[in-house]
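Remarks on the structure that follows.
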Protein chains: 2
Amino acid sequence: MPGKTINPEDWLAALDESGFRVTTVQETLIDIFAHSEYPLSAEQAWDVARQSRPKTGRATVYRMFEKLESLGLIRRVHGYEGCSRFVPTLPELMMLFICLYCGRADYLDSQPLDNLIQQSELASGHHITDSRLQLFGACADCQQND
Amino acid sequence: MPGKTINPEDWLAALDESGFRVTTVQETLIDIFAHSEYPLSAEQAWDVARQSRPKTGRATVYRMFEKLESLGLIRRVHGYEGCSRFVPTLPELMMLFICLYCGRADYLDSQPLDNLIQQSELASGHHITDSRLQLFGACADCQQND
DNA sequence: TCCTTATTGATACGTGGTATCAATAAGGAG
DNA sequence: CTCCTTATTGATACCACGTATCAATAAGGA
């Protein structure tokens with residue numbers, strides 16, 4: 001599974017542009033996201049953060065997750081381990097696949113989803129404004145290592 | 001939005017066949033599910049259950065939800081109001097649409113989703129064994145009443 | 001360097017869900 | 001129908017995740 005990732009500079013810039021102060025906690029947490037290929041819960045991120053920054057507060061991490069989500073920089077994963085984990089948002093690659101064996105997240109081209117939505121709108125008469133799709137299974141790597 | 005619903009008899013039969021005892025709490029809760037067009041949380045179902053059966057325990061309702069989910073009779077809704085609500089499972093109609101205005105759930109034909117999964121498997125090399133798709137927007141009724 | 005104020009960390013709190021365990025009731029055997 | 005075994009229940013305590021509060025800290029502009 002290829003390691004697609006995000007650029008911490010962009011995230012800090014986004015926070016700055018939105019009028020938030022740039023702090024060291026932010027840098028720490030953004031770095032944690034940038035270097036993880038797995039979906040992260042606030043609790044997990046808190047544990048990692050305290051390794052390099054022991055005084056980090058729990059509430060602060062939750063607040064930062066909220067902020068990052070509201071800015072669209074991370075999105076929630078609705079998975080087998082609950083709904084409290086997040087992954088970085090990759091524009092144009094919104095379809096998320098989670099491997100049930102290694103736990104890693106992979107992003108897929110979302111064009112097929114757009115087609116599906118159009119189709120379903122026509123068939124049902126509903127106006128669809130948002131969608132959540134997640135796929136689960138065995139990633140290419142984990143299939144080989146059986 | 002048409003009121004598709006399920007048959008309480010079938011659910012009781014399914015519980016019986018799985019070796020569970022048939023109890024009055026079960027009948028109460030199954031009835032509540034059969035008569036609601038909205039996704040239900042355990043807490044909500046508990047409130048309703050106590051109207052006709054005041055001594056009903058909270059844990060019992062959570063246990064029953066767990067049982068019904070494990071038997072595949074209800075499924076979790078990953079929605080804007082959290083991930084703790086459930087709807088009855090309708091086989092062959094697995095794609096769920098939730099109206100953001102009236103809150104009702106509608107089931108859509110899941111053939112397009114099957115196609116999407118096939119497509120994504122080919123493109124990514126992953127083996128997809130499970131999926132979660134939910135659509136949000138304005139249902140046909142709520143679009144008219146604007 | 002100082003000052004204002006957003007952000008932080010510690011703590012307490014709230015809600016959704018689970019473990020425990022004695023009391024109850026399903027339902028098969030006689 | 002009655003008895004007996006045991007799954008199920010209800011009450012309580014408990015735990016995990018997340019949020020509100022508020023004094024202390026630190027960004028960053030003047």
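None of the values given here were measured: they were computed from a predicted structure. FYI, side chains are in, hydrogens and waters are out, and symmetry mates aren't considered; it's all heavy atoms of this structure. A, B, ... follow the sequence lines: proteins, then strands. Residue 1 opens every chain.
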(request) For B:Arg21 and C:dT24, give me the distance from atom CZ to atom P, rounded to whole Å. (result) 16 Å
(message) I want to check one thing: is the phosphate of D:dG18, taken as OP1 and OP2, less than 4.0 Å away from some side-chain N or O of A:Tyr62?
(response) yes
(request) Establish, with yes or no, whether the OP1 or OP2 oxygen of D:dT9 is under 4.0 angstrom from a side-chain nitrogen or oxygen of B:Thr23. (result) yes
(request) Could you check how far CZ of A:Phe86 sits from C1' of D:dC17, rounded to whole Å? (result) 12 Å
(request) Check the pair A:Gln118, A:Asp114 against side-chain hydrogen bond (donor to acceptor under 3.5 Å, both in side chains), reporting the backbone distance first and the verdict last. (result) CA-CA 6 Å; A:Gln118 279 198 335; A:Asp114 295 340; over 6 Å; no
(message) Applying a 4.0 Å non-hydrogen cut-off, can you work out what A:Thr60 is touching in the nucleic acid: base, sugar-phosphate, or nothing?
(response) base
(message) Could you measure the distance from the CD1 atom of A:Ile30 to the CG atom of A:Leu12? Nearest 0.5 Å is fine.
(response) 4.0 Å
(message) For A:Gln26 and B:Asp16, find the nucleotide of DNA chain C closest to each by heavy atoms; which residue's nucleotide sits nearer the 5' end?
(response) A:Gln26
(request) Would you indicate what A:Ser41 reaches in the nucleic acid, counting non-hydrogen atoms under 4.0 angstrom: base, sugar-phosphate, or nothing? (result) nothing
(request) Grab the CG-C1' distance between B:Leu12 and C:dG27 for me, whole Å please. (result) 16 Å
(request) Indicate, yes or no, whether a donor-acceptor pair under 3.5 Å links the base of C:dG9 to the side chain of A:Arg63. (result) yes
(message) Could you see if B:Leu73 belongs to whatever hydrophobic cluster contains B:Tyr107? Use Ile, Leu, Val, Met, Phe, Trp, Tyr and a side-chain cutoff under 4.5 Å.
(response) yes
(request) For C:dA23, give its Watson-Crick or G-U wobble partner with both distances under 3.5 Å, or none. (result) D:dT8
(request) Quickly work out the A:Glu66 CD to C:dT7 C1' distance and round it to whole Å. (result) 14 Å
(message) Looking only at the side chain of A:Ser84 (C-beta and beyond, no hydrogens), which of the listed nucleotides C:dG9, D:dT5, D:dG18 gets closest?
(response) D:dG18
(request) May I ask you to verify whether the side chain of A:Arg58 and the base of C:dG9 hold a donor-acceptor pair under 3.5 Å? (result) no
(message) Both distances below 3.5 Å, Watson-Crick or wobble geometry, any strand: find the nucleotide opposite D:dG29.
(response) C:dC2
(request) Please tell me which of the listed nucleotides, D:dA7, C:dG9, C:dG16, lies nearest to the side chain of B:Glu43? (result) C:dG16
(message) What is the distance, to the nearest angstrom, from the CZ atom on A:Arg50 to the P atom on C:dA10?
(response) 10 Å
(request) Could you say whether B:Phe20 or B:Pro54 is positioned toward the 5' end of DNA chain D, judged by the nucleotide with the nearest heavy atom to each? (result) B:Phe20
(message) If I take atom CG in residue B:Asp47 and atom C1' in nucleotide C:dG16, what distance separates them, rounded to the nearest angstrom?
(response) 13 Å
(message) Reading DNA chain D from 5' onward, which residue's closest nucleotide shows up sooner: A:Ala59 or B:Arg53?
(response) B:Arg53
(request) Report yes or no: do B:Phe33 and B:Met94 belong to one cluster of Ile/Leu/Val/Met/Phe/Trp/Tyr joined by side chain heavy-atom distances under 4.5 Å? (result) no
(request) Measure the distance from CG on B:Leu29 to C1' on D:dT8 and round it to the nearest whole Å. (result) 13 Å
(request) Quick one: closest heavy-atom pair of A:Leu71 and A:Ser18, and the distance? (result) CD2-OG, 3.4 Å
(request) Spell out, yes or no, whether B:Tyr38 and B:Val87 are grouped together once hydrophobic residues are joined by side-chain heavy atoms under 4.5 Å, including indirect joins. (result) no
(message) Output the rounded distance in Å from CE (A:Met64) to P (C:dA6).
(response) 15 Å
